[in-house]
Every structure is written in structure tokens, then in C-alpha cells.
Amino acid sequence: MKIISWNINSLRLRLMLLERLVITQNPDIICLQETKVQDVDFPMLEVQNLGFKFVAFAGEKSYNGVAILSKLPLTNIKKYDILDFGHKRHIAATLPDETIIHNFYVPAGGDIPDVKLNDKFDFKLKFIDWMVEYFTKNYCQNQKIVMLGDMNIAPLINDVWSHKQLLGVVSHTPIEVKKMMNLQASLNWIDAHRIFVPDSEKLYSWWSYRELDPFKSNRGRRLDHIWITPNLGNNLKKAEVFKDFRIAFKPSDHVPIGVDIL
DNA sequence: ATGGTTGGACCCCAA
């Protein structure tokens, strides 16, 4: 089973790129963030024509929005309005083999890494706390969970182009990284991509639109993640980053990332 | 040290 996560930054604008992803990678499941489409305008026909019979989405006008596109039946679909901000940043569903998929779009957190000066940063930190509490309280033994999405945090030194220069930049500040480590510890989550790419190697999933030639300057960050519970560890066969999508025509600033799980 | 770009709505906000 191949599962892909992608912050698509407008689903309707990038249906052609989504089609390319489906044709080249043939995933069973695609989890999207920043769909930027309210539910009444969701391009259901287009998505079904790409082969996804089972679709779950939670969207709003202009901002946020998440979706799960699946070739396998989805049951027990859940959408949480985390911290009651009215933001569509979470959707979850259960697969036929009982594996649960949680798709998150964690708040970016604004520019100033200070909760007293910046409400958005406060929201981001509390959002991660909510995730920790949710998984701690709701986990049942032997449950298989895939938790993925745009976490908007690059936790490791080699998840950013310059650890030193980004220590004060929202996405790589010590306080966020600590929160993310708390979350990782909550269920002993496995960071799928770092099983295959050692911590000593640079690995990115996002490059700013403000770079003229993103791969030349290569000032990337790994903001997108796929984590699995330890009981899925032996089933994890591959983890990929589809870098080419960053230099496609009209790209998202994030590229799709994927895992193969038996 | 600063500004650079994009998407979607509206005359700017969030990223």
C-alpha cells in the first residue's frame, strides 16, 4: 500500500499536477492539506475520475482544508475542529485492515516565535499539545496508526538548510522542536523518512516561493512528515520525497512525500 | 540587513 501526503496549496488549481502524481506513483491513498476549497465546491468528479472512489474532506473558503483520497473503503471518518478555531485542519479515517490514518495541517504559526506577541504561534504550540493529549488518551493497544501531514515544523538539524540561521525562525525554534519531540514520544512514533535517510543527511519537503531557483539556493525545510506506530515498523518498506514536483509548472511550495507499507 | 512569491478572496490575509 502506497500512501502519499501533500500540501497542495489549492486543490482546484493543481488538479493537473495531482493527475501527474497519480499516473507516475499510483498511490492507494493521497492525503492533502491546504485544499483551499469549501465542501460544496470540492472537485469530487475529477478526483473520482483519477481512481479514488472513496473520498473524505473537510474544507473552508480560502484557507486550510484537508482531504483523504482513497482506492480502499474509508470508515469511521472523523473531523476535529482542534481548539475550536473553526479551522479545517484535521481529518481521520479507518482502512479495511483497521489501520487509522490521521491527516493534519498544523498551523504555520506566524512570524514571531513568541506566544505573548503572536497569537498564531500560541495556537500552533497548543495545537501540538492537543495532538499529544489526543493520542495519549485515545490510543488502544495494538492499534495501527499512520499520522501524517504538513506539521510546519522541521525538527532535526538536517531538516533545514541552516540550523544556525533558522534557530529563531518559526518552524525550527527550540520550543517548537521540543513540542514535536513530546508528540513523537507520546506513542513512540516512527519518523518514516528518517528510517531510510540518516539524520546526518539533509532532507527537505518545502522550498519558499521567494526563491527564484529553489534547488540552486536549496534553502529547504522538512515540514511534511509521515509517522507510524511501532507495530507498523516491520511493514514499512520505503519512504520517498517527490522533489520533481517543486520544479513543475505552477508548483506547490511543498512536494508530495510517500511511504510504502505492506 | 532586507526583501523576495504565491493563492484566494476582496480591496488584504495567510503562508
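When A/Tyr204, A/Trp207, A/Trp161 are each tested for a side chain to side chain donor-acceptor pair (under 3.5 Å) with A/Asn218, only one passes: A/Trp207.
Comparing B/dG4 with B/dA15, their C1' atoms are spaced 14 Å from each other, to the whole Å. Distance noted for atom P between B/dT5 and B/dA9: 22 Å (whole Å). Atom P of B/dC10 sits at a distance of 14 Å from the matching atom of B/dA14, rounded to the whole Å. Spacing between B/dT2 and B/dT6 at atom P, rounded to whole Å, works out to 23 Å.
Between A/Phe104 and A/His102, the ring planes lie parallel to each other; the angle is under 30°, not in the 30° to 60° tilted range.
To the nearest angstrom, P of B/dA15 lies 10 Å from CG of A/Asp150. In this structure, the NZ atom of A/Lys36 is 8 Å from the P atom of B/dG7, given to the nearest Å. When rounded to the nearest whole Å, the span between CG of A/Asn7 and C1' of B/dA14 equals 12 Å. One can place OH of A/Tyr63 at 13 Å from P of B/dC12, the figure rounded to the nearest angstrom.
Distances shorter than 4.0 Å separate some side-chain N or O of A/Lys250 from OP1 or OP2 on B/dG7. Applying the 4.0 Å criterion to OP1 and OP2 of B/dG7, one finds that A/Arg14 has a side-chain N or O inside that range. Listed pair A/Lys120 / B/dA14 meets the phosphate criterion, a side-chain N or O lying under 4.0 Å from OP1 or OP2. When the side-chain nitrogen and oxygen atoms of A/Arg89 are compared with OP1 and OP2 of B/dA15, one or more of them lie within a distance under 4.0 Å.
Contact annotation: the side chain of A/Phe245 approaches that of A/Trp6 to within less than 4.5 Å [non-hydrogen atoms, C-beta and beyond]. Contact of the A/Leu11 side chain with the A/Lys36 side chain is not registered, since no non-hydrogen atoms from C-beta on lie closer than 4.5 Å.
Taking the ring centre of A/Tyr105 as origin, the terminal cationic atom of A/Lys88 falls outside the region bounded by 6.0 Å and 45° from the ring axis.
Residue contacts shown for A/Arg246 are absent, as no nucleic acid heavy atom lies under 4.0 Å away. Using a 4.0 Å heavy-atom distance criterion, A/Arg219 is classed as making no nucleic acid contact.
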